[in-house]
**Q** 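Right, I'll just put the structure down here and ask away after.
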Amino acid sequence: MPSSLKISLANNAPPGTTVYAYITGLAIQHSSRRVFVKQDSSLYFPSNPSKILQPLEEDCTIVLSNDPKAPTVVTIPQIAGGRIWYSYDAPLTFLRNQGGPGGGAALVEPSVLNPTDPNNQVNFGFCEFTLDPAQLFANISYVDFVSGIPAGLTLKERSGKVQHVSGMAEDGLDRVCQGLREQTKKDGWPWEKLIVMKKGSSQVLRVLSPTHAGAAGVKFDGFFEPLVERAWRKYAHGLDGAHTNGHAPEAKEKDGKRHRLSAIFKGFKEISHEQSQQSNGPKTGCEMHIDTQTPMGVLSGCIPKGKNELIIGGEAFSKPTTADILCCNSGPFTTGPSPKRNAIIPRLAAAFQRSCIADIMHHPSPPETFYCCEPTNHYCRIVHECNLDGKGYAFAYDDVQPDSGADQSGKVNAGDPEEFIVSIGGRGAYVGDRMP
């Protein structure tokens, strides 16, 4: 694994747009101090300030070439928790706080949630990466918001193999907004209120994830609770009514997916109990099967009689709220010291988020089972639909997939990276594992 790597930043923004970029992270070879990689590939380590909210001591802005065929190339060292930030027509502001790792400064990064943040009205986005002794791992992310600046990733390995994540086209944000507005008309929930407009303008700036609905002044309280109740009835009372639970199935399913989902469901429910390494009383109700994708194997679970908790592999999970499902890290999805519980949580949280928890008994399930049933996270559904290849982290555990399943997370990774390209702007976005 190389100790450094060249990153090509390609400007695919609309003509006449100035694109600014910043590369931040923790410098692995320098006591994991906060670091910026500058335009000339030199490193800047912000010093620990004497008081909070202090400006950077050096200009770390990278101004991209206007020619998409002549990308700006920067060499990065090994970095953990890295981000490549980019903005249109205005630079970003980073500030220093006290007490950062390795004796340096803590970094105050641009925020879409703080209305007083100096970057709040700037059109910006980021992708994430880590370059460590084992590999380069990078991904695009919509966990917090959809930016008005699409980005795609291309990674070429030394073997010649190419991995490509398309991202959205130039009009991706507009298409997301259209989908959210249409969904609000259908179900009355405030999806369209997640759209953030630039102050004093008719321009859409970004779309917030429903995880951050409070920052948009709206609530989704109670949204997922019907799905939770449906799942609890299923795993407490067996297969009868598993699809409907008193609802008309055809009215509750979308896009003609009912027959396909039913076929998949039937296939999964035929999985023998012998496949599970641990059982928690199948006679008390229908069994769920969680493949931990670890040496612990497949764990089974149900809600035993007289209990109001889902017991999987001996671990007890209470009913999650809508907030728990959206953020994936609170309530029953709080991680802790148990490796078994920590392996179950991402797969269980993803099953709720993707609304396949009550129809599919074996998890992780394949992508064709995602977002088929109401209620579902339409932000995630629309985000995936608006990415040209359907890929991109739309929630925290969007990398959960069956073994050998199709990736949903929009990641590239390799232990022998030769060339890494970040395409910013969406013009000329394409599908397929090939070089631009």
Side-chain angles (χ1 to χ4, degrees), residues 9 11-22 24 61-64 83-95 108-128 140-152 167-184 189-220 326 377-388 392-395 410 422-427 429:
L9 304 175
N11 183 349
N12 291 314
T17 303
T18 300
V19 180
Y20 299 93
Y22 303 80
T24 66
T61 307
I62 300 171
V63 183
L64 267 59
R83 284 185 173 180
I84 300 170
W85 305 79
Y86 34 82
S87 60
Y88 278 178
D89 293 330
L92 294 175
T93 299
F94 295 82
L95 298 172
V108 182
E109 299 176 330
S111 171
V112 299
L113 304 178
N114 179 2
T116 66
D117 186 282
N119 307 286
N120 186 264
Q121 291 298 299
V122 178
N123 186 7
F124 75 88
F126 60 83
C127 60
E128 301 169 321
I140 57 176
S141 178
Y142 307 99
V143 172
D144 296 314
F145 67 103
V146 178
S147 168
I149 308 176
M168 295 185 184
E170 191 174 358
D171 64 346
L173 181 63
D174 293 336
R175 293 180 59 217
V176 170
C177 292
Q178 179 182 352
L180 293 172
R181 292 180 179 120
E182 291 175 352
Q183 188 58 43
T184 292
W189 286 91
W191 302 104
E192 67 179 7
K193 298 296 184 182
L194 300 173
I195 301 170
V196 178
M197 309 298 293
K198 192 172 179 66
K199 290 180 180 178
S201 169
S202 60
Q203 175 188 347
V204 175
L205 194 56
R206 61 183 66 95
V207 168
L208 295 181
S209 160
T211 306
H212 304 305
V218 297
K219 295 181 179 180
F220 282 83
L326 289 174
N377 190 329
H378 290 287
Y379 169 87
C380 294
R381 173 183 64 80
I382 292 166
V383 163
H384 281 290
E385 289 175 355
C386 291
N387 278 267
L388 297 185
Y393 271 94
F395 67 97
V422 181
S423 302
I424 300 167
R427 278 197 305 152

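Everything numeric in this text was worked out from a predicted model, so none of it was measured.
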**Q** Kindly state each residue pair satisfying side-chain hydrogen bond (donor to acceptor under 3.5 Å, both in side chains) with at least one member in residues 116-125, sequence neighbours excluded.
**A**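 Sorted result for residues 116-125: N114-T116, D117-N119.
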
**Q** For the residue pair A429 and L388, what are the closest heavy atoms and their distance?
**A**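 Minimum heavy-atom separation between A429 and L388: CB-CD1, 3.5 Å.
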
**Q** Quick one: do L113 and L208 satisfy side-chain contact (heavy atoms from CB on, under 4.5 Å)? Show the steps, please.
**A** CA-CA 9 Å; L113 304 178; L208 295 181; 4.3 Å; yes

**Q** Check C380 against F395 and note the closest heavy-atom contact, atom names and distance.
**A**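 Smallest heavy-atom distance, with atoms named: SG-CD2, 3.9 Å.
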
**Q** Less than 4.5 Å apart, any side-chain heavy atom of Y142 and any of N387?
**A**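 The answer is yes, as the side chains (C-beta and beyond) meet within the 4.5 Å cut-off.
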
**Q** Can you see which heavy atom on I140 is nearest to which on G392, and at what distance?
**A**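 Answer, listing the atom of I140 first, then G392: CG1-CA, 4.0 Å.
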
**Q** Can a donor-acceptor pair be found, under 3.5 Å and without considering hydrogens, that links the side chain of R427 to the backbone of A13?
**A**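 Side chain of R427 to backbone of A13: a pair is present.
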
**Q** Taking S201 for its side chain and M197 for its backbone only, find out whether a donor-acceptor pair lies under 3.5 Å.
**A**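 Not at all, since once roles are kept as given, no pair shorter than 3.5 Å links the two residues.
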
**Q** Minimum heavy-atom separation for V383 to A394, with atom names?
**A**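 Smallest heavy-atom distance, with atoms named: CG1-CB, 4.2 Å.
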
**Q** Closer than 3.5 angstrom, by distance alone: can the side chain of S141 be matched with the main-chain N or O of C127 as a donor-acceptor pair?
**A**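 It does not hold such a pair.
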
**Q** Please give me the minimum heavy-atom distance between V204 and C177, naming the atom from each residue.
**A**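 Here V204 and C177 meet closest at CG1-SG, 3.7 Å.
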
**Q** Begin with the C-alpha distance, continue with both residues' side-chain angles, and end with the deciding distance and a verdict on side-chain contact (heavy atoms from CB on, under 4.5 Å) for H212 and V112.
**A** CA-CA 10 Å; H212 304 305; V112 299; 5.8 Å; no

**Q** From K193 NZ over to K219 NZ, what is the distance, rounded to the nearest 0.5 angstrom?
**A**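 Answer for the NZ-NZ pair, K193 versus K219, is 15.5 Å.
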
**Q** Under the side chain to side chain contact (heavy atoms under 4.5 Å, CB included) rule, collect the residues that match up with P210, sequence neighbours excluded.
**A**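 P210 satisfies side chain to side chain contact (heavy atoms under 4.5 Å, CB included) with W191, L194, F220, L326, N377, Y379 only.
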
**Q** How long is the straight-line distance from CD1 of I195 back to CZ of R181, given to the nearest 0.5 Å?
**A**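 One finds 4.0 Å between CZ of R181 and CD1 of I195.
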
**Q** Counting C-beta onward and ignoring hydrogens, is there a side-chain heavy-atom pair between M168 and R175 closer than 4.5 Å?
**A**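 No - every pair of side-chain heavy atoms lies 4.5 Å or more apart.
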
**Q** Should the heavy atoms of other residues, nucleotides or ligands under 6.0 Å from NZ of K198 be counted, would the total exceed 12?
**A**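 Enclosed.
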
**Q** Considering residues at least two apart in sequence or located in another chain, which fulfil the side chain to side chain donor-acceptor pair (under 3.5 Å) criterion with T61?
**A**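 Y22, D59.
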
**Q** Give me the atom names and distance for the closest heavy-atom approach of R206 to V122.
**A**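 Minimum heavy-atom separation between R206 and V122: NH2-O, 2.8 Å.
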
**Q** For the backbone of D89 and the side chain of Y20, can you confirm whether one donor and one acceptor N or O come within less than 3.5 Å of each other?
**A**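 No, Y20 side chain to D89 backbone: no donor-acceptor pair under 3.5 Å.
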
**Q** Given side-chain contact (heavy atoms from CB on, under 4.5 Å), test R381 with Q183 step by step and report yes or no.
**A** CA-CA 11 Å; R381 173 183 64 80; Q183 188 58 43; 3.1 Å; yes

**Q** Hey, can you tell me if W85 and F124 have their rings parallel, tilted or perpendicular (30° and 60° cut-offs)?
**A**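 Ring orientation, 0 to 90° scale: tilted.
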
**Q** What do the steps show when you test L9 against V19 for side-chain contact (heavy atoms from CB on, under 4.5 Å), and what is the final call?
**A** CA-CA 10 Å; L9 304 175; V19 180; over 6 Å; no

